[in-house]
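Notes to accompany the following structure.
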Amino acid sequence: MSSENGTEGGGAEGASPEQLALIRESVRQAKTPRAKPRTWRGAKLAERLPVARVLVDKGVLHLDRYFDYAVPEELDADAQPGVRVRVRFGAGRHRVRDGRREGGGLIDGFLVERVAESDYSGPLAALAQVVSPERVLSEELLGLARAVADRYAGGLADVLQLAVPPRSARAEQRPSPEPLPPPSKPEAGSWGRYERGAGFLDALASGGAPRAVWNALPGPAWSEELARAVVATLASGRGALVVLPDGRAVARVDAALTSLMGEGRHAVLTADAGPEKRYREWLAVRRGSVRAVVGTRAAMFAPVQDLGLVALWDDGDDSHSEQHAPQPHAREVLLLRAAQDKCGFLLGSWSCTVEAAQLVESGWARPLVAAREQVRGAAPLVRTVGDGDLARDEAARAARLPTLAWQAVREGLRTGPVLVQVPRRGYVPRMACANCRAPARCRHCSGPLEAQGSGADLKCGWCGRDEGAWHCPECGGFRLRAQVVGARRTAEELGRAFPAVPVRTSGREHVLDTVPGTPALVVSTPGAEPVAEGGYAAALLLDGWAMLGRPDLRAGEDALRRWIAAASLVRPQGAGGTVVVVAEPTLRPVQALVRWDPVGHAVRELGERAELGFPPVSRMAAVSGPGEAVAEFLRTAELPRDAEVLGPVPVAVTAVGRPRRVGGPPPGEQWDRALIRVPPGSGAALAAALKAAQAARMARGATEVAVRVRIDPPDIG
DNA sequence: AGCACGCCGACT
DNA sequence: GTCGGCGTGCTC
């Protein structure tokens, strides 16, 4: 008997679907409204568990519902829970005409469960096809996908699209390699530098499930430390998963794992591997051939068997936010996984997000930190140059760069490479008073003024109004300077000032992985900094104004994270490592950098967020769309009693020619956005209410204009 | 989204 | 009696 049977319409189609259709036909003609045929006379169905519950992959229309289908006898063997299937789905009765079935197209789905009876009071259609007998959707993965869908008020089918890669028949046909026996428990290595580091590894190796927020010491040891945690988990006979922000970080942990335990015990899941290779690796994990996974954010769903540890590096990096609906964040997905699988959890970073601090504050995770003298021994010396220094510094105004910075660069270049961190290009140049450096703001809405093209035209980044005659409200000055452009030019000038030294650049389109330990100027945008052999001798951080000037809740935390990430590549103070940050020394993130205290900074931020009712202490959702649609949505949604609606207010029109933000309005269209806030503990109720309201809208039909619902919106003023 | 069902008015 | 317009609701 062939499972290929019935793949095409026409005469080749198996007999039972035809018969089923005929039965439906006769049921209808007998005018029996909704017969309840529990038995199928004539149709050859599977003897045991003849009903398949199927998750139909058709958008958000019928969120999270299963549909029951009859299992024809010839598909019985292959139609196991977790396989991909194709079914007829569509309105109305499937007529039989000229021997062909009509109505309802073939669509994809997952077979979730086999049961004895359906509780659907109507005639069941048959499964059209089992796409392949590979059981891709395990019970655990389904449970995780459902939890993620609930957390983010999204559809189960949407989450499964993120969690299960597209099929490649060739990849499926290849047998996965034989699993290797577990490695032996690794030495603690540089984990010994942390107060509870060795204990954490011991707990993993002995089958425990420790949960930690790890503030990593600056320097390159983090990737090997992550790898040791993975090997310790494997040694206990369980699997491990590490999610990293980009391909370079994946390559480092990959290399560390290979050097600790050789090839064949871990898989690498990244987007740039190509669909077939990626699916092949994914299958090796799903089949249990490989028990450890490192990868970028899509790997957060990797179906590792018997999971003992989930780990995430640098959760503040925004590449951990999924771009596709419902836009889950890797940290939140791994939190759900740790809770569901009762496994270990490790959240590591040189810096510390407010969310990470909250995990410690709530007692859910324990801090994994080094003693103060370890930090002092590993971190570089940090010095600041603020507005006051600049004003007093005659040479700086002429040369556009403070004397202190010149000195640090000159000194550093004597012994090694010097890193210059400049703002990312594509940051719209924001303007400040050339005299007093106060940010130039719109006189109507206080939004940031931005330069338009090459000319002197100014436009507000929020309300879009033109500003023709700006003058500084602080000092009366009327000259402006573009901070971002200034930083780039400064980097160029540095290159000219040290003509004997090579200049390398690393940025968006051309990212360097490493640079040699010889004297060089390395100009890089945040996140693209190459690792220097032996560490940088010095770093110059020039983008303080651009980062801290953003009207964003995370501006301070983000600036600190990027500074710390760059400064972590610099040699320790004892080896002469120096960092100069051009930013106001009274600002809290700047002070946290000088004291090298990212955890303290995050804890203070967390306290303020709690007071102000901001995330992550409260949970927020954003509802956006055309004004009338948003208003209607808010009228009909049955929000939790303790929910508070802020707005709606008009969102800034996306300026024509600027890249459209994911989930934002089309250029030129006016949208409204409301924020909905609930106190701690009501997040699940809020998500459920928003999901129900969305589903109700969809059911009402196509006349309704879509609104976008986003849990944990990233940009709240 | 499709697509069939059904209620109601117009025409043979 | 029967055809067909479009509004409503379902899809196993």
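Lettering follows sequence order; numbering is per chain, from 1. Fair warning: this is a prediction, and the values are worked out from it, not measured in the lab. The figures that follow rest on heavy atoms only: side chains count, while hydrogens, waters and symmetry mates do not.
Under the rule for a salt bridge (charged side-chain N to carboxylate O under 4.0 Å, His left out), Asp246(A) has no partner lying at least two apart in sequence or in another chain.
Remark: P of dA4(B) and CZ of Phe89(A) are 15 Å apart, rounded to the nearest angstrom. Taking atom OH of Tyr66(A) as the reference point, atom P of dT11(C) lies 18 Å away to the nearest angstrom. Rounded to a whole Å, the CG atom of Leu106(A) is 12 Å from the P atom of dC12(C). Computed from coordinates, the Glu117(A) CD to dC12(C) C1' distance equals 15 Å when rounded to whole Å. Rounding to whole angstrom units, CZ of residue Arg88(A) and P of dC3(B) are separated by 13 Å. Rounded to a whole Å, the CZ atom of Phe67(A) is 7 Å from the P atom of dC12(C). Atom P of nucleotide dT11(C) and atom CD1 of Ile107(A) are separated by 13 Å, given to the nearest angstrom. Between the CZ atom of Arg53(A) and the P atom of dC12(C) there is a distance of 14 Å, given to the nearest Å.
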Exercise answer: donor-acceptor pairs, residues 644-651 of chain A side-chain atoms, under 3.5 Å, sequence neighbours excluded:
residue: Glu644(A); atom: OE1; partner: Arg677(A); partner atom: NE; Å: 3.1
residue: Glu644(A); atom: OE1; partner: Arg677(A); partner atom: NH2; Å: 3.1
residue: Glu644(A); atom: OE2; partner: Arg677(A); partner atom: NH2; Å: 3.1

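Asp314(A) approaches Pro245(A) most closely through the heavy-atom pair CB-CG, 4.3 Å.
The backbone N or O of Leu156(A) lies less than 3.5 Å from no partner atom in the side chain of Arg146(A), so there is not a single donor-acceptor pair.
Judged by centroid separation below 5.5 Å and plane tilt below 30°, Tyr120(A) stacks onto the base of dC12(C).
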